[in-house]
Asker: 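To start, I am sharing the structure in question, which I have written as structure tokens.
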There are 2 protein chains.
Amino acid sequence: MVLPRAAKTQRRTRIQEEKEEQILEAALEVFSLHGFRGATVDQIAEVAGMSKPNLLYYFRTKEAMHRALITRVLDTWLDPLREFDAEGSPVAEIRSYIRRKLEMARDFPRESRLFANEILQGAPNIEDELKGPLKSLVDEKAAVIRSWARAGKIAKCDPYHLIFSIWSTTQHYADFDVQVRAVLGQNQSGEGRFEDAARFLEQLFLNGLEVRDQPSAIGHA
Amino acid sequence: MVLPRAAKTQRRTRIQEEKEEQILEAALEVFSLHGFRGATVDQIAEVAGMSKPNLLYYFRTKEAMHRALITRVLDTWLDPLREFDAEGSPVAEIRSYIRRKLEMARDFPRESRLFANEILQGAPNIEDELKGPLKSLVDEKAAVIRSWARAGKIAKCDPYHLIFSIWSTTQHYADFDVQVRAVLGQNQSGEGRFEDAARFLEQLFLNGLEVRDQPSAIGHA
DNA sequence: TGTAATGTTTACCAACCGGTCAAATTATCA
DNA sequence: TGATAATTTGACCGGTTGGTAAACATTACA
């Protein structure tokens, strides 16, 4: 008898595990580049090196593939924020958070783009996950940052917008990679690019642009 | 005789001008939400309120529509950076640049998303424009920023990454709007959101997170 | 007004889309 | 080994895609 997907109570075959991995890898490649609607099953099948019906044997629909992929990526994508430690030193925590997010942008740009594509197109499939788990996690960490600010360990600021700005600046190097390369030119596109970005972002977030000789000459509004 | 598009030497009709505007408006709506491949001509035609063949009478192909749209948007999108004035006060220039970019993210989110979609998908149609006009403009402004840093008017920093970080933080509020709303919840999704973001970004870029009482206690690396 | 250019629509096409089906092939294990 | 279940494939389907042809309607203007 044909079991299109492994029955619920049955454990997965070795082949199933391998092929599903293979498919999700290919799906990541294609979805991250074209978004959900722009990606085609044929294309994913070709990248995965198997026939379309074979692919659809493991994931019955294009949407099921996308869902599986998004869920997995979203989970690992939030790891750096989870590690954000309330007990640690604020400066060290923020610096290492920036560094980790930047490393993820460098090492997993496709995951970043997949996520960006999804959000950009209105997040039709993960709205619940954004309003649920994501919001809870951010709320929790925002409270930590706020307590640091209240204790005078860092400047007073809106913790949510701080988190947004760390997300956006770091992910920019994955999502807008083409633009970054085009602007920097070939000379600066090498490995140094990553270190330059890290150095700048640490400076920006920890020290700001203020000239240190004139402590408070620059007010705001 | 049928002239699918206005002949080169002929000036454009009133109807031509109106309809092309109407089409590009609809195209912006659809392309910005689904990207190039994800958008369909039928959909654009429906939003524009005309039949598909009629639409294709003004823009012969989907790609021509997209190209016309991207070119126009890219041009106005760079206006704020063009206004960046070498003669002005660094603090005032940076602050007003942030403010203007943020206003554009608020008032023209579709334009921002269109651009983000294009870059995200590898910028197949505007690579030349990125490496040409865009790079030139950024190079020019980066030189200004560097001269400010050399003159001690602002802290020394990589001007390119500074520009990237202003782009990313401000455009984040347009491109990732769904996520921002989900995280902030309904209470903070109103008009105050914009002002909060503006206040935070000005603080971040002009003052940094440093506590002023201990001027240089926070080193980097 | 007449008429030629411009604008619009209906009907249509070939290619491609996501997905199905039944037959063929391969792995598993008593 | 043999039989049963798991995997793979080619052929195919109805719907959608970008785009075309030609008839029809409207505008601009002498």
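Please read these numbers as outputs of a predicted model, since none were measured by experiment. Because only heavy atoms are used, hydrogens play no part in the values below, and waters and symmetry mates are left out as well, while side chains stay in.
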Asker: Rounded off to whole Å, could you give me the CD-to-C1' distance for the A/Gln22 and D/dT7 pair?
Answerer: 13 Å
Asker: Verify the ring-centre separation between A/Phe84 and A/Trp148: is it less than 6.0 angstrom?
Answerer: yes
Asker: Which of residues 48-55 of chain B sit near DNA chain C, with a heavy atom under 4.0 Å from it?
Answerer: B/Ser51, B/Pro53, B/Asn54
Asker: Closer than 4.0 angstrom, basic N to acidic O: yes or no for A/Glu63 and A/Arg67?
Answerer: yes
Asker: Step through the shown structure and confirm whether more than 12 heavy atoms of other residues, nucleotides or ligands are within 6.0 Å of CZ on A/Phe194.
Answerer: yes
Asker: Check B/Glu46 with B/Lys52, please: is the shortest side-chain N to carboxylate O separation under 4.0 Å?
Answerer: no
Asker: Looking only at side-chain N and O atoms, does A/Tyr57 come under 4.0 Å of OP1 or OP2 in C/dT20?
Answerer: no
Asker: Please state how far atom NZ in A/Lys62 lies from atom C1' in D/dT16, giving the value in whole angstrom units.
Answerer: 12 Å
Asker: Measure the distance from CG on B/Leu56 to P on D/dA21 and round it to the nearest whole Å.
Answerer: 12 Å
Asker: Do we see a donor-acceptor contact under 3.5 Å between the side chains of A/Asp196 and B/Tyr160?
Answerer: no
Asker: Of the residues in residues 23-46 of chain A, which ones touch DNA chain D at a heavy-atom distance under 4.0 Å?
Answerer: none
Asker: With no hydrogens and no angle check, is any side-chain donor or acceptor of B/Arg113 less than 3.5 Å from a backbone partner on B/Ala174?
Answerer: yes
Asker: If you measure from the Lys or Arg side-chain nitrogens to the Asp or Glu carboxylate oxygens, is any gap between A/Arg106 and A/Glu111 under 4.0 Å?
Answerer: no
Asker: Whole angstroms only, please: what is the CZ-P distance between A/Phe59 and D/dT8?
Answerer: 13 Å
Asker: Could you tell me how far apart B/Met65 (CE) and D/dG18 (C1') are, to the nearest whole angstrom?
Answerer: 11 Å
